[in-house]
Novice: 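Please find one structure pasted underneath; my questions will follow.
To find a chain, count down the sequence lines: A is the first, B the second, and so on, and within it residues start at 1.
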Amino acid sequence: MKSLKLVKQEEFFIKPTSPFNFDATFHKPAHFPSALEIWKSGKFWQGIRIGEKLFGLKIEDKGDIDRPLIKINVYCNQKINKNTLVLIQKEIIWRYDLNFQSKEFDELCKKDKRFFPVFQKWRGMRNSCAYELYGLLVVGIVLQNATVRRTVQMMDALLKNYGVELVFDRQVIYWCWQPKDMEQVSEEELRALKIGYRAKFIKKLSQDFVEGKVDEFVLRKMPKEDIKKELTKLYGVGPETARILIAEAFHKYDEFDHIAPWQQKIYSMLFYNEPLVDAKIIKEDIIKRYGKYSMLAVSYIWEDIFWRRKNEHIEWLEKEIRL
DNA sequence: CATCAGGGCCCTG
DNA sequence: CAGGGCCCTGAT
């Protein structure tokens, strides 16, 4: 495995739109734990790739909900040019949706008596994704048809073999390989990492990226339905994986078409306090209530229960999570 | 020990 | 468009 020692080169600040909640945006307790990022209250470490070059980022909360400000330290093994620095800044703004205009959504929250306390508690949370599109697709693939533990095993095995270790600011994290790195790797070699039939998905997916069949930056400018169409064309990407990407990487907050069976059970308890409500009913109720902010609103309620899980035992949830 | 479903997707009929 | 098969793992 490749390992890079990076030293601090630059720092800059970004002012997110207000209100902005740092911890709720940078840490998603509902996500599986990965070696790709480290979060501590008010601090976050991750890698980022611009072109061929890898950087380490330390992102810190330097403001508050109503006067948000974040500081970014950039680590690298050589000097960074201005242009690259601008690209890094743009990427951070995109990936954490730092320019989101929340006025409409805030109004919507106020009208929802039942969940207003939840929206209030996490006010300023954004749907976000630390990774580039390819990286999130790989994550999406190892999530498929697997329990959390197995997902973690598969992701760790992949990172250990093909990822890059980044050492900076007394932290060690990993970052994803590039699509072209998979060209020399055979399906059999991937299967030896016990990722099963997903080996084929990763091979084909990487090939599609190498051939330029997907361009993250083009997709970002497309309407939701087109993004979905393009993503679903990729071998191994179906409705659920596309939904994750659209909500988290493309910040389309109205996306609420697909409910996986395990999510249906959790939604049923959260919204109806019943073990199993028809998925169609859940969908209709949510869309009626939250409209074009359906996915964002549900994220607040969804993440809230996982934040709570950190400190309290929630019996019905433990049953559904299945480690 | 064997069997089975799981935080989907592809392919077939 | 419904249903079988897929990799592996832990639960039963």
Side-chain angles (χ1 to χ4, degrees), chain A residues 27-34 36 127 129 131 133-162 182 185-209 213-214 227-249 255-271 275-280 282-283 286 295 298-299 301-307 309 314-323:
Chain A
H27 180 59
K28 306 292 182 185
H31 290 188
F32 79 95
S34 91
L36 291 160
N127 274 4
C129 174
Y131 325 131
L133 179 61
Y134 176 74
L136 185 56
L137 277 164
V138 171
V139 169
I141 286 171
V142 295
L143 280 169
Q144 291 171 9
N145 209 18
T147 51
V148 174
R149 184 176 305 166
R150 186 145 139 68
T151 294
V152 172
Q153 277 172 6
M154 290 190 280
M155 198 63 208
D156 284 351
L158 286 166
L159 286 174
K160 216 185 215 170
N161 280 275
Y162 310 110
M182 279 292 142
V185 180
S186 67
E187 193 182 320
E188 292 68 42
E189 191 183 328
L190 283 174
R191 274 178 181 267
L193 303 180
K194 307 188 176 195
I195 64 170
Y197 60 86
R198 297 169 195 80
K200 194 167 156 195
F201 292 2
I202 291 182
K203 277 293 286 177
K204 284 210 184 195
L205 176 74
S206 305
Q207 191 60 32
D208 285 344
F209 269 76
K213 287 187 185 157
V214 216
I227 299 176
K228 198 192 284 186
K229 215 185 290 168
E230 289 301 312
L231 290 175
T232 322
K233 272 188 208 164
L234 299 170
Y235 192 83
V237 177
E240 172 61 7
T241 308
R243 184 201 63 79
I244 296 172
L245 293 161
I246 288 168
E248 295 182 3
E255 168 73 7
F256 202 74
D257 288 351
H258 186 258
I259 300 179
W262 70 281
Q263 294 160 350
Q264 184 188 352
K265 293 180 203 159
I266 295 180
Y267 287 147
S268 299
M269 283 302 282
L270 285 175
F271 295 116
L276 197 62
V277 176
D278 190 82
K280 204 167 152 241
I282 298 176
K283 208 158 80 177
I286 294 290
M295 193 66 241
V298 168
S299 303
I301 297 159
W302 182 268
E303 292 294 336
D304 177 64
I305 193 85
F306 283 87
W307 276 103
R309 179 172 174 264
I314 305 163
E315 183 62 32
W316 64 266
L317 186 61
E318 294 307 316
K319 239 175 47 208
E320 301 306 342
I321 290 177
R322 309 188 127 270
L323 292 174

Novice: Could you name each residue pair satisfying salt bridge (Lys or Arg N to Asp or Glu O under 4.0 Å) that touches residues 185-194 of chain A, not counting sequence neighbours?
Specialist: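 The answer is Glu187(A)-Arg191(A).
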
Novice: Can you give me the dot-bracket string for DNA chain C, 5' to 3', counting Watson-Crick and G-U wobble pairs with both distances under 3.5 Å, using [ ] for crossing pairs and | for partners on another strand?
Specialist: ||||||.|||||

Novice: My understanding is that only residues two or more places apart in sequence, or in another chain, count here; which of them pass side chain to side chain contact (heavy atoms under 4.5 Å, CB included) with Glu248(A)?
Specialist: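 Only His31(A), Cys129(A), Ile244(A) meet the side chain to side chain contact (heavy atoms under 4.5 Å, CB included) criterion with Glu248(A).
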
Novice: Taking salt bridge (Lys or Arg N to Asp or Glu O under 4.0 Å) as the definition, give me every residue that meets it alongside Arg150(A), ordered by chain and number, with sequence neighbours left out.
Specialist: none

Novice: Using a cutoff of under 3.5 Å, can you pull out all pairs of nitrogen or oxygen atoms linking the protein to nucleotides 4-7 of chain C, with atom names and distances?
Specialist:
| unit_1 | atom_1 | unit_2 | atom_2 | d |
| --- | --- | --- | --- | --- |
| dC7(C) | OP1 | Arg191(A) | NH2 | 2.6 |
| dC7(C) | O5' | Arg191(A) | NH1 | 2.7 |
| dC7(C) | O5' | Arg191(A) | NH2 | 3.2 |
| dC7(C) | O4' | Tyr197(A) | N | 3.1 |
| dC7(C) | O2 | Arg150(A) | NH2 | 2.2 |
| dC7(C) | O2 | Arg198(A) | NH1 | 3.0 |
| dC7(C) | N4 | Asn145(A) | ND2 | 3.2 |

Novice: Using the test side chain to side chain contact (heavy atoms under 4.5 Å, CB included), find all partners of Ala30(A) that sit at least two apart in sequence or belong to another chain.
Specialist: Trp302(A), Glu303(A), Phe306(A)

Novice: Nearest nucleotide by nearest heavy atom, which residue falls closer to the 5' end of DNA chain B, Ile321(A) or Lys233(A)?
Specialist: Ile321(A)

Novice: Using side chain to side chain contact (heavy atoms under 4.5 Å, CB included) as the criterion, list what pairs up with Gln264(A), not counting sequence neighbours.
Specialist: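 Gln264(A): side chain to side chain contact (heavy atoms under 4.5 Å, CB included) contacts with Ile259(A), Ser268(A), Leu276(A), Ala279(A), Ile282(A).
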
Novice: Lys233(A): which residues meet the salt bridge (Lys or Arg N to Asp or Glu O under 4.0 Å) condition with it, sequence neighbours left out?
Specialist: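 Lys233(A) satisfies salt bridge (Lys or Arg N to Asp or Glu O under 4.0 Å) with Glu230(A) only.
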
Novice: The criterion is salt bridge (Lys or Arg N to Asp or Glu O under 4.0 Å); which residues satisfy it with Asp156(A), sequence neighbours excluded?
Specialist: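 Per chain and number, Asp156(A) pairs via salt bridge (Lys or Arg N to Asp or Glu O under 4.0 Å) with no residue.
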
Novice: Which ones in residues 257-264 of chain A lie close to DNA chain B, meaning a heavy atom under 4.0 Å from one of its atoms?
Specialist: Ala260(A), Trp262(A)

Novice: Checking Met182(A) now: which residues fulfil side chain to side chain contact (heavy atoms under 4.5 Å, CB included) with it, not counting sequence neighbours?
Specialist: Tyr134(A), Tyr162(A), Trp177(A), Val185(A), Leu190(A), Ile202(A), Ser206(A)

Novice: The criterion is ring-ring contact (aromatic ring centres under 6.0 Å, His included); which residues satisfy it with Phe32(A), sequence neighbours excluded?
Specialist: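 Phe32(A): no ring-ring contact (aromatic ring centres under 6.0 Å, His included) contacts found.
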
